[in-house]
Amino acid sequence: MRNLNISLQLVLEPHSNLPWLISEAVRGGVTCVQWRDKFFSDHDFYEQAKVIKQVCSDLSVPLIINDRLDMALAIGAEAVHLGQKDMPFHVARRILPDHVAIGISAESLEDVEKAADLDLDYLAISPVFKTATKTDLAPPFGFDGLEKARKMSRHRLVAIGGIKAHHVSTLRQIGVDGVAVVSAIMRAQSPYEAAKAFVL
């Protein structure tokens with residue numbers, strides 16, 4: 001297992017001042033950052049990823065690139081996150097250097113079961129609740145589904161999708177290892193205060 005602190009993951013969306021936002025969120029407790037974008041050109045994705053990587057490096061926080069192995073390799077990201085429709089894990093593992101971590105999304109308990117034998121660095125249970133951040137999502141797990149996933153999986157679990165700060169204590173009881181947050185931090189007036197509320 002690679003040394004990737006997944007306890008509080010900030011998943012970025014476009015923002016007018018990402019360096020400031022990332023810095024404030026990390027000051028509040030964010031332990032890793034994920035960059036994903038489905039609409040940028042390759043050139044723009046790369047240029048933005050370089051800026052984010054420099055900010056993360058200055059803050060000593062690992063950067064996860066969503067589904068783009070080429071971009072992760074180009075900028076020296078610490079990890080890649082793969083969805084169920086992205087490149088298969090075993091292919092990505094062959095391509096990436098051993099020190100680059102890989103996490104994947106599980107959108108159902110069947111996905112959790114299929115991941116049982118994979119040498120993953122974390123498994124993201126998605127979505128736990130309905131969220132407006134993404135619209136092409138599977139039915140939510142809810143706390144019951146998350147508990148079942150916890151019992152089924154030997155992997156470190158990250159909860160994502162509609163997570164609010166008041167869910168944190170229940171997530172801790174269930175035994176998840178991390179939480180991933182988008183809008184609750186990205187759209188907060190104070191990313192620092194918002195992040196603090198999610199620390200597991």
Side-chain angles (χ1 to χ4, degrees), residues 1-106 115 118-124 126 133-134 136 155-156 158 160-161 177-188 191-192 194-195 198:
M1 184 182 298
R2 291 83 197 161
N3 186 24
L4 185 68
N5 186 339
I6 56 167
S7 62
L8 180 53
Q9 185 180 127
L10 171 61
V11 183
L12 299 175
E13 58 183 12
H15 187 276
S16 60
N17 191 350
L18 277 177
W20 168 80
L21 186 138
I22 294 169
S23 177
E24 285 295 289
V26 168
R27 195 165 67 88
V30 161
T31 60
C32 59
V33 172
Q34 183 184 148
W35 171 232
R36 71 177 181 193
D37 187 278
K38 303 289 186 183
F39 303 106
F40 275 25
S41 67
D42 282 1
H43 178 272
D44 290 346
F45 190 107
Y46 172 70
E47 291 298 326
Q48 185 67 78
K50 275 201 309 182
V51 172
I52 295 168
K53 178 68 177 97
Q54 185 60 57
V55 173
C56 289
S57 294
D58 291 345
L59 296 167
S60 300
V61 171
L63 174 62
I64 302 168
I65 296 293
N66 190 62
D67 77 25
R68 295 291 305 265
L69 274 66
D70 55 342
M71 296 295 176
L73 290 168
I75 65 164
E78 286 79 8
V80 170
H81 183 87
L82 301 172
Q84 287 294 317
K85 296 176 182 174
D86 295 330
M87 180 179 289
F89 169 81
H90 67 280
V91 179
R93 187 69 280 165
R94 280 205 308 267
I95 293 171
L96 293 170
D98 189 57
H99 68 271
V100 177
I102 302 178
I104 69 171
S105 293
L118 301 181
D119 183 24
L120 297 173
D121 295 280
Y122 69 88
L123 189 63
S126 172
T133 304
K134 287 185 73 178
D136 57 338
H155 293 108
R156 297 193 296 167
V158 173
I160 183 171
D177 302 282
V179 58
V181 179
V182 188
S183 57
I185 294 177
M186 291 295 306
R187 300 173 194 176
Y192 164 71
F198 282 94

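Keep in mind that what you see is a predicted model, and the values were worked out from it rather than measured.
Arg156 places a side-chain N or O within 3.5 Å of a backbone atom of Asp121 that can act as its donor or acceptor partner.
Note that the CD atom of Gln34 and the CG atom of Asp67 stand 9.0 Å from one another [nearest 0.5 Å]. The distance from the CG atom of Leu10 to the OG1 atom of Thr31 is 10.0 Å, given to the nearest 0.5 Å. Going from atom CD1 of Ile6 over to atom CG of Leu123 covers 9.5 Å, rounded to the nearest 0.5 Å. Atom-to-atom distance recorded for Leu69:CG and Leu82:CG is 6.0 Å, nearest 0.5 angstrom. The structure places CG of Leu120 at 5.0 Å from CG of Leu118, a figure rounded to the nearest 0.5 Å.
The side-chain contact (heavy atoms from CB on, under 4.5 Å) check on Asn17 picks up His15, Pro19, Trp20, with sequence neighbours excluded. Asp42 meets the salt bridge (charged side-chain N to carboxylate O under 4.0 Å, His left out) test with Arg68; sequence neighbours excluded. Qualifying salt bridge (charged side-chain N to carboxylate O under 4.0 Å, His left out) partners for Asp177, counting only residues two or more places apart in sequence or in other chains: Arg150. A search for side-chain contact (heavy atoms from CB on, under 4.5 Å) contacts involving Ala194 returns Ile185, Ala188, not counting sequence neighbours. Asn66 meets the side chain to side chain donor-acceptor pair (under 3.5 Å) test with no other residue; sequence neighbours excluded. Partners of Asp44 by salt bridge (charged side-chain N to carboxylate O under 4.0 Å, His left out), not counting sequence neighbours: none found. For the side-chain contact (heavy atoms from CB on, under 4.5 Å) test, residues two or more places apart in sequence or in another chain that qualify with Ala180 are Gln9, Val11, Val158, Ile160.
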Pair up each side-chain donor or acceptor in residues 89-96 with any protein partner under 3.5 Å, not counting sequence neighbours, and list the distances.
unit_1 : atom_1 : unit_2 : atom_2 : d
Arg93  : NH1    : Val100 : O      : 3.1
Arg93  : NH2    : Pro97  : O      : 2.8
Arg93  : NH2    : Val100 : O      : 2.8

Mind listing the side-chain donor-acceptor pairs of residues 53-60 below 3.5 Å, one per line with the distance, residues two or more places apart or on another chain?
unit_1 : atom_1 : unit_2 : atom_2 : d
Lys53  : NZ     : Ser57  : OG     : 2.7
Lys53  : NZ     : Glu78  : OE2    : 3.1
Gln54  : NE2    : Asp58  : OD1    : 2.9
Ser57  : OG     : Lys53  : O      : 3.0

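Here the closest heavy-atom approach between residue Pro14 and residue Asp37 is recorded as CG-OD2, 4.3 Å. For Gly83 against Asp86, the heavy-atom pair with the smallest separation is N-OD2, 2.6 Å. The shortest heavy-atom contact between Ala195 and Gly29 is CB-N, 4.3 Å.
Every pair passing salt bridge (Lys or Arg N to Asp or Glu O under 4.0 Å) that includes a residue from residues 15-27 is listed here, sequence neighbours excluded: Glu24-Arg27. Contacts classified as ring pair (Phe, Tyr, Trp, His ring centres under 6.0 Å) and involving residues 43-86 (residues at least two apart or in different chains) are given here: Trp35-Phe45, His81-Tyr122. Pairs engaging residues 50-75 under the ring pair (Phe, Tyr, Trp, His ring centres under 6.0 Å) rule: none recorded [sequence neighbours left out].
Salt bridge annotation for Arg36-Glu13: absent, with no cationic side-chain nitrogen under 4.0 angstrom from a carboxylate oxygen.
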Q. Would Leu18 and Val51 count as a side-chain contact (heavy atoms from CB on, under 4.5 Å) if you check the C-alpha gap in whole Å, the side-chain angles of each, and the deciding distance to 0.1 Å?
A. CA-CA 9 Å; Leu18 277 177; Val51 172; over 6 Å; no
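Put simply, the side chain of Ile64 reaches to within 4.5 Å of the side chain of Cys32, judged on heavy atoms.
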